[in-house]
Protein chains: 2
Amino acid sequence: MNSELKAEVDRLAPVGEAIARLLSPHAEVVLHDPATDRVVAIWNPLSRREVGEPSLLGELDGLTETGRDVYGPYPKSLPDGRRLSSVSAVLRDADGKAGLVLCVNVDRTAFEEAGRILAAFAAPVVQQPRVLFERDWTETLNELVGDFVRDRGVPVDRLSRRDRLELIGRLEAAGVLSQRRSVPTVARALKISRSAFYQLLGDARKEATNHADPA
Amino acid sequence: MNSELKAEVDRLAPVGEAIARLLSPHAEVVLHDPATDRVVAIWNPLSRREVGEPSLLGELDGLTETGRDVYGPYPKSLPDGRRLSSVSAVLRDADGKAGLVLCVNVDRTAFEEAGRILAAFAAPVVQQPRVLFERDWTETLNELVGDFVRDRGVPVDRLSRRDRLELIGRLEAAGVLSQRRSVPTVARALKISRSAFYQLLGDARKEATNHADPA
DNA sequence: CACGCTTCGGACGATATGTCCACTCAAGAC
DNA sequence: GTCTTGAGTGGACATATCGTCCGAAGCGTG
């Protein structure tokens, strides 16, 4: 770490510590150096990261978007399943170049739990045991693929790349892909190889975020 | 009021007062005499009723149902619009006749408000790639666990082994466990370790097939 | 205090997930 | 016909998750 950067980090340390204390023990504060993608300071490390480690939680994702220096809050989660709400701030130096990125990650579990308790207390009472999930996800898969193919009037193995991206987007939106072991089945349903599927999925996701977030 | 009844009321007074204090200032406790349909004692009277007045809020509705001596919680509301959650308990005398009815009315407004605040804090945040399956499986998880815990009246980390088996069975039936990456979160929600979870899951499945398949 | 029963916290092997890449194939461009 | 390009294939790999095991506590009992 060069001395200029170090001075800057030292200058910001009280801010990081203050925020961490304010929200303690439910939040961690991390200072990143985007140039090296390393953690340069961290307070109350919920994520167990240490100074010098690479930035693992992806706080820096999407920071190349233009025109904004504050991001979030957006959802993340810890390896143990705790869910976080995170915000990031880009700290620019005098000539406007990104110098450091400050991230605050709040552990939502306590708040969710408390909220649930209160909600339950305040709830409209009774309520039935909440029925099953949906139906088997394979049915959703069949239906989505079937509809799509029917709509395009083309058998599934003659779909264009663009169509496949679209269809995969729908499958993902429907949550099919977050079902365990669904990928091989889905790839088979689309009559493409597993690897081709992942390629398309990658592109589909890229496209989705571009469309949804044309900042 | 006959002296026998009065003695009974005096005997219960500490209970009423204790409950009222516990939930103060959000709850009132009312003791009714169903024979005369009068309030025979009241603590922290949100509803402004006084001893001797007729029972106005309808706490006694439906108390003719058979086989139960505990009712609710069910919703009611105050003249000023505040909403209440209410429970009633029938207190029988030695020969099984209904002697008194104890009602606890909790003013939900404060809890609802607090719940909203926390919910906002813990909220799913921004996010554009929404449109999930049904709703987030974590909500199903929360709901199932919350209901169960409420039903048993025991915090999740004090559940018995048997209860946990039951609850895990429900989670599995609801499809939560076939959701990718759900296990760590579920284990955490149950406040047990991942390995303990798998152990219980194994037993739960064994049990399920035994019951379903008594061949 | 020993004993039985649970859970904890890791270690580990087994699967499942994602990435990569060299190679094939088909469709147009030249 | 040959070249170029883009999509897809199969399979090797690197990780991540899953599920199992086991010794070490924690705890209520006799």
Side-chain angles (χ1 to χ4, degrees), chain A residues 37 46-49 53-58 61 76-83 137-138 141 145 148-149 152 154-169 171-172 175-209, chain B residues 129 137-138 141 145 149 152 154-169 171-172 175-209:
Chain A
D37 194 39
L46 299 177
S47 59
R48 313 241 173 189
R49 285 174 297 181
E53 288 186 30
S55 303
L56 291 177
L57 277 180
D61 290 356
K76 283 192 304 202
S77 60
L78 254 22
D80 66 3
R82 279 181 291 175
R83 283 175 290 171
W137 57 270
T138 56
L141 167 63
V145 174
F148 193 90
V149 164
R152 294 294 191 281
V154 179
V156 70
D157 51 350
R158 299 272 188 289
L159 288 175
S160 72
R161 174 188 171 76
R162 182 127 294 288
D163 282 344
R164 286 182 183 149
L165 287 175
E166 164 76 15
L167 178 49
I168 289 176
L171 289 168
E172 169 149 88
V176 173
L177 303 185
S178 63
Q179 210 67 25
R180 293 175 59 176
R181 271 156 260 199
S182 62
V183 169
T185 306
V186 171
R188 223 171 300 130
L190 299 184
K191 301 276 181 63
I192 60 178
S193 69
R194 209 175 59 91
S195 56
F197 173 80
Y198 276 114
Q199 282 173 208
L200 290 168
L201 177 57
D203 294 345
R205 283 179 172 153
K206 212 172 304 169
E207 204 153 294
T209 59
Chain B
W137 57 268
T138 57
L141 167 63
V145 174
V149 163
R152 292 294 191 279
V154 178
V156 70
D157 51 351
R158 299 270 188 289
L159 288 175
S160 70
R161 176 189 172 77
R162 181 126 295 288
D163 283 342
R164 288 203 246 257
L165 287 174
E166 164 76 15
L167 178 50
I168 288 175
L171 290 168
E172 170 150 85
V176 172
L177 303 185
S178 63
Q179 210 68 22
R180 294 176 58 175
R181 272 158 239 173
S182 61
V183 169
T185 305
V186 171
R188 189 151 212 299
L190 266 35
K191 302 273 180 68
I192 60 178
S193 69
R194 207 175 59 92
S195 53
F197 172 81
Y198 276 115
Q199 188 149 341
L200 290 168
L201 177 58
D203 294 346
R205 284 180 172 151
K206 213 174 301 169
E207 203 154 291
T209 58

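Predicted, not measured: the structure shown is a model, and the values here were computed from it. Below, chain A is the first sequence line, B the second, and so on; all start at residue 1.
Distance CZ (A/Arg188) to C1' (D/dG10): 15 Å, rounded to an integer number of Å. Whole-Å rounding puts the A/Leu200 CG to D/dA7 C1' distance at 9 Å. Here D/dG8 presents its P atom at 13 Å from CZ of A/Arg158, a figure rounded to the nearest Å. For the pair B/Asp203 CG and D/dT20 C1', the interatomic distance rounds to 13 Å; values are reported in whole Å. Per the geometry, CZ belonging to B/Phe197 stands 9 Å off P belonging to D/dG19, to the nearest Å.
Residues from residues 159-169 of chain A that place a heavy atom under 4.0 Å from any atom of DNA chain D, listed by number: A/Arg161, A/Arg164.
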Report, one line per pair, each donor and acceptor closer than 3.5 Å where one atom sits in a side chain of residues 188-200 of chain B; sequence neighbours left out.
| unit_1 | atom_1 | unit_2 | atom_2 | d |
| --- | --- | --- | --- | --- |
| B/Ser193 | OG | B/Ser195 | OG | 3.3 |
| B/Ser193 | OG | B/Ala196 | N | 3.1 |

Tell me which donor-acceptor pairs under 3.5 Å the side chains of residues 155-169 of chain A have, and how far apart each pair is, sequence neighbours excluded?
| unit_1 | atom_1 | unit_2 | atom_2 | d |
| --- | --- | --- | --- | --- |
| A/Ser160 | OG | A/Arg162 | N | 3.4 |
| A/Ser160 | OG | A/Asp163 | N | 3.0 |
| A/Ser160 | OG | A/Asp163 | OD2 | 3.4 |
| A/Arg161 | NH2 | A/Asp203 | OD2 | 2.3 |
| A/Arg162 | NH1 | A/Glu207 | OE2 | 3.1 |
| A/Arg162 | NH2 | A/Glu207 | OE1 | 3.4 |
| A/Arg162 | NH2 | A/Glu207 | OE2 | 3.4 |
| A/Asp163 | OD1 | A/Arg152 | NE | 3.0 |
| A/Glu166 | OE2 | A/Arg170 | NE | 3.0 |
| A/Glu166 | OE2 | A/Arg170 | NH2 | 3.0 |

Taking N or O atoms only and anything under 3.5 Å, show me the protein contacts with nucleotides 16-18 of chain C, one pair per line.
| unit_1 | atom_1 | unit_2 | atom_2 | d |
| --- | --- | --- | --- | --- |
| C/dT17 | OP1 | A/Arg181 | N | 2.6 |
| C/dT17 | O3' | B/Arg180 | NH2 | 2.8 |
| C/dG18 | OP1 | B/Arg180 | NH1 | 3.3 |
| C/dG18 | OP1 | B/Arg180 | NH2 | 2.1 |
| C/dG18 | OP1 | B/Arg181 | NH2 | 3.1 |
| C/dG18 | OP2 | A/Tyr198 | OH | 3.0 |
| C/dG18 | OP2 | B/Arg180 | NH1 | 3.3 |
| C/dG18 | OP2 | B/Arg180 | NH2 | 3.4 |
| C/dG18 | N7 | A/Arg194 | NH1 | 3.2 |
| C/dG18 | O6 | A/Arg194 | NH2 | 3.0 |

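A 4.5 Å side-chain heavy-atom check between A/Arg83 and B/Thr138 finds at least one atom pair inside the cut-off. Taking the side chain as every heavy atom from C-beta outward, B/Gln179 and A/Gln179 approach each other to under 4.5 Å.
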- Protein-to-nucleotide contact annotation, 5' to 3' order, nucleotides 21-30 of chain D [B base; S sugar-phosphate only; - none; under 4.0 Å, heavy atom]: B---------
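Among the candidates B/Val183, B/Leu177, B/Leu171, the single residue satisfying the side chain to side chain contact (heavy atoms under 4.5 Å, CB included) test with B/Leu201 is B/Leu177.
One end of the helix from C/dC1-D/dG30 to C/dC30-D/dG1 points its axis 10° away from the other end's axis, with each axis taken from 5 pairs and the angle rounded to 10°.
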